[in-house]
Amino acid sequence: MSSAVRRFGKAFLEMPLVVKIALVWLLFIVGAAIYSRLDRIFGQALPLQDPFYQPFLFGEAKPVEGPSGAHWLGTDVLSRDNLSRLLHGSWVSLIVAATVVVFGLVFGGTIGAFVGYTKGKVETLTMATLDVILAFPPLVLLLALVAVYKVRNLTMIALVFGVLGIPTYVRIARASTLSVASREFIQAAEAIGTKRMAILFREIIPNIMPALFAYALINAGFVIVVEGTLSYLGLSVQIPEPTWGNMINEGRRDIRQTILPIFWPGLFLTLSVVSLNLVGDWLQQRVAVRSSAL
Amino acid sequence: MKSSWLKIIASFFAIALIAAACGGSDSDSGSSDTASSSDTETATTEAAEEEVIESGTEAEGDVDTEVEEVVEESNYGGDLIIGLEAEATGLRPWEDACSAPCLTMVGAVFDTVVMLRTDGTIGPWLATDWSSNEDFTEWTFNLVEGVTFHNGKSFTAQTLVDMFPMQQVGASAAGIVTAAGLTEVVAVDDTTVKYVLGSSHSAFPSFLVQTPLGAAFDAEAATADFDGYSMNPIGTGAFMMDKRDLDNETIVVRNPDYWMSDSDGNQLPYLDSVTFRPIPDEGTRLDSLLSGTTNAMQTLRQGTIRDARSSKEDGADITLLEFQGNNVGGGMYNLNNPPLDDVRVRTGLTRMNNQEAVIEALGGTGISLPGTQWFSPDSAFYSEKVAAAWPSFNYDAGKGLIYDYINDPERSDGREVGENIEVELSCPPDPTLIAAIQVIEQLWSSTGMIDVNVTNYDQQTHIGYALGAPPDFMGSHGAHCWRWSSNNDPSTELNRQMAPHTLGVAAAYGLDGIFTPTNFFNWFDIEVFGWLVAAIGTENFEERYALYEMVMMRIARDVPMWYSGHTATMLAIDSNLAGVNGWVLPDGTFGGQGWSTPQLNQAFWTN
């Protein structure tokens with residue numbers, strides 16, 4: 001454990017400053033998302049304002065107030081606290097992005113490595129099936145599921161994104177596997193009679209995982225943007241649950257009065273995506289160096 | 001778990017099949033008459049508002065004086081570019097659902113038989129005068145002579161006769177034909193037409209100010225090219241179609257043979273051409289006007305009206321023409337869906353609806369008036385008695401009613417005593433409506449007695465859930481955003497929405513076969529139905545007023561709906577443009593359609 005911490009510390013020190021800042025921002029977002037959930041679980045026991053409460057209905061505040069001691073980032077059109085909503089909104093973005101990454105790495109990585117290593121008819125059939133899934137517009141699927149089930153919650157959104165994200169990971173894992181499988185250490189393992197499954201899990205998957213992980217970080221940024229777009233269009237999780245996208249959508253009507261309800265979620269969205277890209281790029285460079293050294 | 005996955009996979013394949021089916025069709029995608037006859041609060045697609053006919057009264061200004069000045073100063077030439085809130089799904093009067101953007105285009109190309117005056121009465125247009133028999137079952141209209149279609153064909157009584165078979169089956173017109181009770185159209189001679197009704201209707205001419213029944217089209221040309229008529233409509237209107245590029249721009253040019261002249265005998269129209277540009281985003285549409293990209297724009301959003309007012313105060317060279325019509329927004333309760341079948345729940349939810357807060361969330365403070373009935377205070381049918389009777393905002397009283405219900409052992413939703421009620425609250429995903437719906441959600445949820453499930457579906461799905469499916473059209477909605485009424489005669493809206501909602505209900509009251517799919521509340525009251533029928537059996541205003549007041553009082557008692565505010569609409573125009581908000585009818589009286597729909601045949605540039 002201490003070795004892992006030491007390695008992380010060393011890697012962190014080697015990072016360019018901008019990547020360090022990006023990583024800190026991402027850790028902040030993850031922390032904020034978890035904190036906001038704990039806050040909800042413990043019934044506002046933590047010092048965070050209720051993201052749903054509209055004090056103007058009860059004569060306690062006015063809509064669209066600027067930053068103040070009570071509301072650090074101001075309030076929205078329904079007098080709700082912007083900061084609280086931003087932090088709660090980060091949970092949605094994070095869960096959707098994490099689901100895509102986990103599905104991609106676990107299912108996509110495994111399937112891609114398997115078909116890339118075993119080849120044959122299974123590979124042909126799998127890749128053809130995935131091509132069909134890749135061709136299917138996720139928005140149409142989402143709309144249809146909503147129409148069928150009359151429900152649009154985080155689980156459904158995350159699942160749709162997760163499942164539809166798998167094919168891309170399969171392709172990358174397969175391509176990496178084809179490259180790794182032709183290396184001498186794999187041939188050596190086969191020559192001494194190591195079982196194919198053992199080679200797959202001990203030799204191939206560990207070697208393709210860094211490349212997949214680097215892609216996953218960049219992909220997570222993309223997914224956050226797509227989720228934000230869906231939210232903006234009113235197609236992601238149901239209001240009044242805050243998301244960065246639906247906060248932008250709700251704020252745009254009053255953009256002539258104040259830009260703050262749009263500015264904050266826009267800033268969080270942008271910083272998060274840029275941070276994921278920066279960290280992903282940095283990781284990719286390290287992976288490339290490591291691969292060339294193999 | 002396995003079952004859930006199977007459902008998802010099944011859905012996936014179902015979608016693929018639907019997509020394949022849709023992809024294979026090349027037919028026109030016009031809305032059904034039932035769906036299109038509805039009207040929701042977003043008003044961004046045509047289907048929602050086909051029959052909310054659209055007349056508004058001017059909130060400010062003296063229309064008559066302005067029109068007289070306008071006519072004196074008028075001059076010819078110039079082009080006009082109008083920013084519309086959406087593209088029209090089609091321009092076939094009998095077939096395509098039509099709301100404000102579509103009506104603006106249709107009004108340029110087609111004339112109607114009669115026209116709404118600014119005071120809400122019916123004035124002449126293609127018909128010079130009209131009369132009915134004693135029991136209002138036969139209406140005879142004398143038509144103006146010398147009117148020709150854009151293709152040179154003459155407009156006569158036979159034109160209206162030839163239109164009728166298409167209107168009987170048209171997706172847009174069929175429901176209106178039924179609502180009007182129209183059974184036959186007869187050409188007495190070239191300039192006299194007789195409409196024969198199956199039952200009395202003292203306000204029948206009201207149907208002829210509207211697109212589906214009133215707009216004159218060339219039935220022969222329409223039959224020859226049913227789909228193409230939408231892209232190249234042929235009417236008798238002041239402008240002829242020049243170019244129709246869907247979702248980009250539609251250009252109409254001056255009809256040199258237009259039949260109308262102004263009061264000085266100058267032939268209309270004054271403008272050389274009009275370009276319609278659909279700009280769905282409210283802010284962009286206003287910016288387009290302010291930057292001079294367009295010369296006029298329409299809106300039905302209070303927030304945009306507020307922004308336009310603000311821009312004008314900041315010095316923008318624009319004129320704002322605002323209308324506060326009879327159309328009222330809010331929502332409805334589906335009485336087939338417990339606990340909404342219980343009047344305590346409906347009244348309780350309504351009493352917790354803080355209308356002022358909802359209007360503020362809509363951006364309409366100082367713009368929209370809170371609604372208490374289908375008629376705005378400007379309407380001749382407005383009733384103070386109803387306003388006083390309406391269950392207005394009283395949070396504690398509302399909570400008390402819900403408390404009574406949930407502690408009633410006989411509660412209709414089958415839940416345990418003391419258990420919360422569950423209500424689905426749904427609106428289309430428009431930013432303005434999203435804000436409004438969250439206000440209501442918060443008010444209801446804060447009681448701790450109501451589990452509110454907020455949903456948003458696109459406009460068509462929203463309407464579809466309210467409409468339901470054949471044969472019963474019961475709808476699966478709960479508390480559903482909607483809006484009602486128009487400046488037209490009350491009968492055109494009320495009669496078709498408050499008839500029996502199923503054939504079974506009709507039979508139970510001895511009204512075999514009388515059934516409407518547009519009774520979205522699934523609320524039927526035999527007394528209300530009787531009053532509505534009586535109101536179209538007389539043309540005495542006092543009698544009609546009393547009958548509609550009784551209907552509104554019953555609505556205030558049974559509460560099948562809640563109100564937010566009356567729909568404010570606006571035309572914002574270049575200050576050098578005149579004549580779009582008030583115009584002269586052939587008899588010298590003044591017309592004013594409102595509902596953010598400009599009349600273009602008397603519009604002109606002042607410089």
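Chain identifiers are assigned alphabetically (A, B, ...) following the order of the sequence lines, protein sequences preceding nucleic acid strands; residue numbering begins at 1 within each chain.
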Is a side-chain donor or acceptor of A:Q54 paired with a backbone partner of B:Q438 at a separation under 3.5 angstrom?
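Such a contact is found between A:Q54 side chain and B:Q438 backbone.
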Hey, does the side chain of B:Q442 reach the backbone of A:F52 with a donor-acceptor pair shorter than 3.5 angstrom?
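Checked: pair present.
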Can you check side chain to side chain contact (heavy atoms under 4.5 Å, CB included) on B:E282 and A:R253, steps first, answer last?
CA-CA 8 Å; B:E282 293 283 322; A:R253 193 198 68 189; over 6 Å; no
Taking A:D254 first and then B:R306, would you say they form a salt bridge - that is, a charged N and a carboxylate O separated by under 4.0 Å?
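Yes, charged N to carboxylate O under 4.0 Å.
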Report which part of B:S311 has an atom under 4.5 Å of a heavy atom belonging to chain A: side chain, backbone, both, or neither.
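When you check distances to chain A, only side chain atoms of B:S311 fall under 4.5 Å.
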In terms of heavy-atom proximity below 4.5 Å to chain A, should B:S446 be classed as side chain, backbone, both, or neither?
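For B:S446, the contact with chain A is made by the side chain alone.
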Could you give the distance from [atom1] ([X]) to [atom2] ([Y]), rounded to the nearest 0.5 Å?
X      : Y      : atom1 : atom2 : result
A:E250 : B:I434 : CD    : CD1   : 6.0 Å
B:T455 : A:Q238 : OG1   : CD    : 5.5 Å
B:L286 : A:R256 : CG    : CZ    : 4.5 Å

Which residue out of B:I437, B:N354, B:T304, B:V439 racks up the most heavy-atom pairs below 4.5 Å with chain A?
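Top count of heavy-atom pairs under 4.5 Å with chain A: B:V439.
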Take B:D281 and A:R252, measure what side chain to side chain contact (heavy atoms under 4.5 Å, CB included) needs, and give me the verdict at the end.
CA-CA 10 Å; B:D281 185 77; A:R252 75 188 166 101; 3.0 Å; yes
Residue among A:L57, A:I239, A:L78, A:V160 with most heavy-atom pairs under 4.5 Å to chain B:
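Top count of heavy-atom pairs under 4.5 Å with chain B: A:I239.
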Side-chain touch A:V77/B:E360, heavy atoms, less than 4.5 angstrom:
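Side-chain contact under 4.5 Å: no.
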Name the region of A:Y53, side chain, backbone, both or neither, that has any atom closer than 4.5 Å to a heavy atom of chain B.
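Both backbone and side chain of A:Y53 come within 4.5 Å of chain B.
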